[in-house]
S.K.: 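I have a structure here, written as structure tokens, and I will follow up with some questions on it.
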Protein chains: 2
Amino acid sequence: MTLTETNSWTGIRKELLRRIHSRVWQPGEQIPHEADLAEEFGCARTTVNRALRDLAESGLVVRKRRAGTRVALNPPQRATLTIPIIREEVEATGRTYRHSLLERDFRPLPPMLHGAFPATLSEDVLYLKTLHFADNRPYAYEERYINLNAAPEARDTAFDEVSANEWLVHNAPYSHGDISFFAVSADKTLSRKLDAGSGTALFAMERITWAGNMPITHVHLIFAPGYRMRTEI
Amino acid sequence: MTLTETNSWTGIRKELLRRIHSRVWQPGEQIPHEADLAEEFGCARTTVNRALRDLAESGLVVRKRRAGTRVALNPPQRATLTIPIIREEVEATGRTYRHSLLERDFRPLPPMLHGAFPATLSEDVLYLKTLHFADNRPYAYEERYINLNAAPEARDTAFDEVSANEWLVHNAPYSHGDISFFAVSADKTLSRKLDAGSGTALFAMERITWAGNMPITHVHLIFAPGYRMRTEI
DNA sequence: AAGTGGTCTAGACCACAGG
DNA sequence: CTGTGGTCTAGACCACTTG
């Protein structure tokens, strides 16, 4: 009989975590079902359910109807990244944000993106090239394509005051998207814009967002040397 | 009167999402409280709560007691990264995994990590250097320090069969950790090990995990050229 | 077919923070 | 102090999936 402090779902989660970490319940092993745990803890099944659901979300246990709940064999490290608007990211470190619009024009969708923007093959898209600064030092270089069908008002927006980044968040909310992270070598342009030695390794992110099945925007962001994306698990 | 299909919490979430995306509820605006929504949807408050809690977790709304629920002004992009064991990551793409232990010795903690491993300054740590392969091509290069106080059995483990990566997941579960991602340039060693041209930009990850306040391991992973870390939002 | 998790309800009390 | 979200309960029915 283990005396947990309370019958709160967090208290129960804590005790379940203890049993998993201390190997009372081995990896792969099936744990008692909700009803039994509820009885043991003297609480409603709903409360146990809440605790187990939380553990399942973080990947520590695997739940299946009829098959019960098992301790995960290879608990994946699941990390939640918060990708803020660049301005907020910069200002959060106490620095001053500024951005400069380097290029803005309408052009056919580059072939590279035909796969990503299937619906707008024949339409021009808005192309933006932006440099973001923190305390007047280059912070990130951005290339962006905006689908004007998804955000018609973008056609008449200058993007010199409010960055496209921020404007889109407020004016063309997305329902889902893909993000990927990778490394690129600074070519001549990047090297000049980001004040990086030629060939320097730079952290980069590519992101496509959609509203339903309509693509909104494709962004390629390349960060100045030394950038790190951090998170806790 | 909007007719949503069901009274399921996902159905309610869908309708709430629609109202947010369609600007029925403007960013920053306060939305009706749970009791009113429950009445409107003809369901229990608990069900509305579940839907709103989910939206709050994804950052779309901000909830405060007494102050009510508001549509987030700058909804951050919150992405959940799943960082699997390398073997599983490789095998998930249909390739064959293999790893090779390049170095294994005991040494004092390098000064660089004194900040991270405060408790073990005077103790030797286990140092491992590993190369991971996918279909016999280099996949990632790993340097790892293991705190022997946190995982004493590691002292007598060879790590030639099971990788340290995998062994630790099963033998030294962590409670929390820090991860960061960045780009590095291939130096001579990396270039040789990872079959990359010298100076190639490589994607890298640094991770420290803890069990309570005891550090377990510090890993530095550098991936072969072309690696991308992907996720959906 | 039956066992297990998934969800919903109606009601209650609590905790926190704004006025 | 009061209104709002946060949580808990006891019970019920449903949905999935495995044996």
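The chains referred to below are lettered A, B, ... by the order of the sequence lines, with proteins before strands, and numbering in each begins at 1.
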S.K.: Give the rounded distance in Å between these two atoms: CD of A/Glu39 and C1' of D/dT9.
M.R.: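 About 16 Å, once rounded to whole Å.
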
S.K.: Find the distance A/Glu34:CD to C/dC8:P and express it as a whole number of Å.
M.R.: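 For the pair A/Glu34 CD and C/dC8 P, the rounded distance is 15 Å.
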
S.K.: Tell me whether A/Arg87 forms a cation-pi arrangement with A/Tyr97, defined as NZ or CZ under 6.0 Å from the six-membered ring centre and within 45 degrees of its axis.
M.R.: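 Checked: cation-pi criterion not met.
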
S.K.: Can you check the A/Trp9 CH2 to C/dC14 C1' distance for me, whole Å?
M.R.: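 After rounding, the gap between these two atoms is 16 Å.
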
S.K.: In whole Å, what is the span from the NE2 atom of B/His33 to the P atom of D/dT2?
M.R.: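 Checked: the NE2 to P distance equals 17 Å.
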
S.K.: Which residues pass the side chain to side chain donor-acceptor pair (under 3.5 Å) test with A/Thr82, sequence neighbours left out?
M.R.: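 None.
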
S.K.: Whether the side chain of A/Thr231 engages the backbone of A/Thr80 through a donor-acceptor N/O pair (distance < 3.5 Å, no angle test) should be reported.
M.R.: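 Side chain of A/Thr231 to backbone of A/Thr80: a pair is present.
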
S.K.: Check the surroundings of atom CZ in B/Arg228: do more than 12 heavy atoms from other residues, nucleotides or ligands lie under 6.0 Å from it?
M.R.: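 Atom CZ in B/Arg228 is crowded, with more than 12 foreign heavy atoms closer than 6.0 Å.
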
S.K.: Is the number of heavy atoms from other residues, nucleotides or ligands within 6.0 Å of CD (B/Glu39) greater than 12?
M.R.: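 Open: at most 12 neighbouring heavy atoms sit under 6.0 Å from CD of B/Glu39.
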
S.K.: Give me, pair by pair, the N or O atoms of the protein and of nucleotides 14-17 of chain D that are less than 3.5 Å apart, along with how far apart they are.
M.R.:
{"unit_1": "D/dC16", "atom_1": "O4'", "unit_2": "A/Arg65", "atom_2": "NH1", "d": "3.4"}

S.K.: Provide the full list of salt bridge (charged side-chain N to carboxylate O under 4.0 Å, His left out) pairs with a residue in residues 53-64 of chain B, sequence neighbours left out, each pair given once.
M.R.: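 Listed by first then second residue: B/Arg13-B/Asp54, B/Glu34-B/Arg63.
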
S.K.: Test side-chain contact (heavy atoms from CB on, under 4.5 Å) on B/Val90 and B/Asp135 and set out the steps.
M.R.: CA-CA 9 Å; B/Val90 167; B/Asp135 276 352; over 6 Å; no

S.K.: Are side-chain N/O atoms of B/Asn74 and A/Glu88 paired as donor and acceptor at under 3.5 Å?
M.R.: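 Short answer, yes.
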
S.K.: Give a yes or no on whether the backbone of A/Cys43 and the side-chain of A/Thr47 come within a donor-acceptor separation of less than 3.5 Å.
M.R.: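 Checking the backbone N and O of A/Cys43 against the side chain of A/Thr47, no donor-acceptor pair under 3.5 Å is found.
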
S.K.: Whole-Å distance between D/dT18 P and A/Arg70 CZ?
M.R.: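 Rounding to the nearest Å, CZ of A/Arg70 and P of D/dT18 are 11 Å apart.
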
S.K.: Grab the N/O contacts between the protein and nucleotides 11-13 of chain C below 3.5 Å, and write none if there aren't any.
M.R.:
{"unit_1": "C/dA12", "atom_1": "N6", "unit_2": "B/Arg45", "atom_2": "NH2", "d": "3.1"}

S.K.: Between A/Trp167 and A/Phe159, how do the two ring planes meet: parallel, tilted or perpendicular, split at 30° and 60°?
M.R.: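 Because their plane-to-plane angle is over 60°, the rings of A/Trp167 and A/Phe159 count as perpendicular.
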
S.K.: Of the residues in residues 47-63 of chain B, which ones touch DNA chain D at a heavy-atom distance under 4.0 Å?
M.R.: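 Heavy-atom contacts with DNA chain D come from B/Asn49, B/Arg63.
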
S.K.: Once the angle between the rings of A/Tyr139 and A/Phe223 is folded into 0 to 90°, is it parallel (under 30°), tilted (30 to 60°) or perpendicular (over 60°)?
M.R.: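 Correct class here is perpendicular.
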
S.K.: Could you check how far CZ of B/Phe41 sits from P of C/dT9, rounded to whole Å?
M.R.: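 Checked: the CZ to P distance equals 12 Å.
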
S.K.: Without hydrogens or angle criteria, can the side chains of B/His132 and B/Glu142 be said to hold a donor-acceptor pair below 3.5 Å?
M.R.: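 Yes, a side-chain donor-acceptor pair sits under 3.5 Å.
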
S.K.: Provide, to the nearest angstrom, the distance between the CG atom belonging to A/Leu37 and the P atom belonging to C/dG6.
M.R.: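 Spelled out: CG on A/Leu37 to P on C/dG6 is 13 Å.
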
S.K.: Is there side-chain contact between B/Val125 and B/Leu148, with heavy atoms separated by less than 4.5 Å?
M.R.: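 Side chain of B/Val125 against side chain of B/Leu148, heavy atoms only: no contact under 4.5 Å found.
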
S.K.: Compute the angle between the rotation axes at the two ends of the helix from C/dA1-D/dT18 to C/dG18-D/dC1, each taken over five pairs, rounded to 10 degrees.
M.R.: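 Taking five pairs per end, the axes differ by 20°.
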
